[in-house]
Amino acid sequence: MRIEASGRGIVERPLDPALQTMAIDRVFWSHFSPNLAPSAWVIGVLVGLMGLDVRTALLALVAGNVIGGLPVALCAAMGPATGLPQIEASRLAFGMAGKRVPALINWASCVGWDAVNNVPSTVALVLLARACGVALPFWLALGLLALAQVLAGAAGHDVVQAIEKYLGWVLLAAFACSGGFALLHLGAMPPHGAGVAGGTARGADLALAIGAVASFNLAWAAYASDYTRYLPRGTPPRRIIALTFGGVCASALMMEMFGLLTARAMGDASPGAVIAGLGHLAGPLAPLALAAIALSSVAINAANDNTAAYALMSAGIRLSRPLSAGVTAGLAYLLSVAGAGRFAALYENYLLLALYWIAPWCGIVLADWYGRGRAHPRDDAPDGWAPGASLFVGVTVLTILLFSATPLYTGPVARALGGVDIGYLVGFMAAAAGQALLVRRDRVIRPVREIA
């Protein structure tokens, strides 16, 4: 990110067009590889343990991936035109001061995602070391993975892109082979009318399943243009949207399908149970599966730590990239150690909490960008706190108060719906509609001001 001083303070400038030379195929890999992660497998197990029958569970996976993946793809198309990281580009709707709020929230989310991704990978590394006759304590295994992630994330765009492409091929082959062998070992699927892992499901369970799956993909919306901004400015948006959507959904759906179909054998969504179960089902391919799980955290958290640095810059906190990556990874390390024993419950709640802010933020950004029909980088972001920032805060708070359904708090609307949480859908639609009205108002007022 290029930073310079101006009359408006320290301002991040769009990329120099001379640097926008990235090959289009990198769009797919930068969104495909990070979802080849055990956290996606765990989501499939969580869905399988909700008591949904196979057909309904598969519907939840597909619907959740589409709901979560499409906004990511639409955000990614903004990259070449703005030349800005995604959170920084939201200044067009939020204002120079207003964008600091989602920037700080996104940085905190990066810390949380680091921790979420580290726990299963660390468990896998410990088990892999044990199989090789080495007793590796959890804290040390976690430290080794975190160090690799920090070094990759601090190195910047080119290194992260190379990791996503080449490690992506390795992870795809490893997970496809070990997951396929696990399914063959597992045997026949349960009948369509039976629960994947037993039990009776309610409508609230289906809504919860779709929300958890959607959150996993939608979280990438705040990262989407961090790498697509390196594409040439004339790159067709449709190609970016198609490659991003395909990359995000293909890898997530594959991993979640493996998780769903092995849920009966796992019986528990904790990392230890899932990874131990996968190791058992994979048979002779168990070492390959464990190595893939351990390595996957490097692919996903390298991108995560890099985006965390952008988020801190957008929040007005000036730290160097290596220091920012180190702070993010250090806090995630502490969270991983503290929450490892309660991973499944914390993970499910975290997925839902992430939706409460990312959905309205995304609705505002997309409504503003596509509503104004921008085609070139814009430096006329509103000074101070724009109406879009107020809309974001208001919608986020109201959706949590009215619609949220978590162990900590259940809103009155969610309670009336029997525990069904549709807050993320309401938040996205309400924020998008509100911003569309603001854009329409600006279109009416601006010409009048120019004439006057």
Side-chain angles (χ1 to χ4, degrees), residues 34 36-43 45-46 107-155 159-160 163 167 171 174 266 268-280 282 286-309 312 319 321-351 353-354:
L36 292 174
S39 49
W41 194 301
V42 170
I43 288 178
V45 175
L46 282 170
W107 174 76
S109 294
C110 288
V111 174
W113 279 114
D114 257 24
V116 162
N117 297 318
N118 275 336
V119 173
S121 292
T122 302
V123 171
L125 184 57
V126 169
L127 293 176
L128 182 61
R130 186 180 302 166
C132 298
V134 178
L136 189 63
F138 182 90
W139 64 268
L140 180 56
L142 178 60
L144 293 174
L145 289 177
L147 178 61
Q149 295 158 15
V150 168
L151 293 175
V159 172
V160 172
I163 288 173
L167 186 55
L171 294 176
M266 306 301 179
D268 182 359
S270 67
V274 170
I275 294 169
L278 176 58
H280 172 71
L288 177 65
L290 293 175
I293 292 171
L295 280 174
S296 67
S297 68
V298 177
I300 189 169
N301 281 351
N304 206 43
D305 292 342
N306 193 43
T307 288
L312 281 180
L319 296 178
R321 184 184 301 279
L323 183 55
S324 174
V327 170
T328 302
L331 291 174
Y333 179 95
L334 296 176
L335 279 178
S336 300
V337 172
R342 298 175 294 144
F343 180 84
L346 291 175
Y347 185 27
E348 184 177 312
N349 292 333
Y350 180 75
L351 286 168
L353 287 172

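All of these numbers come straight from a predicted model, not from anything done at the bench.
- In plain terms, the two heavy atoms of Ala124 and Ile275 that are nearest each other are N-CD1, 3.9 Å.
- Partners of Leu147 by side-chain contact (heavy atoms from CB on, under 4.5 Å), not counting sequence neighbours, listed by chain and number: Leu151.
- Atoms CG and CH2, from Leu36 and Trp41 in turn, are 11.5 Å apart once rounded to the nearest 0.5 Å.
- Residues forming a side chain to side chain donor-acceptor pair (under 3.5 Å) with Thr328 (at least two apart in sequence, or on another chain): Trp107.
- For Thr307, the side chain to side chain donor-acceptor pair (under 3.5 Å) partners two or more places apart in sequence, or in a different chain, are Asp226.
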Donor-acceptor pairs under 3.5 Å, side chain of residues 129-140 to any protein atom, not counting sequence neighbours: which ones?
none

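- When all heavy atoms of Leu128 and Pro287 are compared, the closest pair comes out as CD1-O, 3.9 Å.
- Checked against Gln149 for a side chain to side chain donor-acceptor pair (under 3.5 Å), the options Asn304, Asn306, Asn117, Asn118 give a single hit: Asn118.
- For the atom pair CD1 of Ile300 and OG of Ser39, the computed distance is 5.0 Å after rounding to the nearest 0.5 Å.
- When all heavy atoms are compared, the tightest approach of Ala332 to Asp114 is CB-CB, 3.2 Å.
- Checked against side-chain contact (heavy atoms from CB on, under 4.5 Å), Ala294 has the following partners two or more places apart in sequence or in another chain: Leu125.
- Minimum interatomic distance between Ser296 and Ile293 (heavy atoms only, all atoms of both residues): OG-O, 2.7 Å.
- Looking at Thr122 and Ser336, their side chains never come closer than 4.5 Å, going by heavy atoms from C-beta outward.
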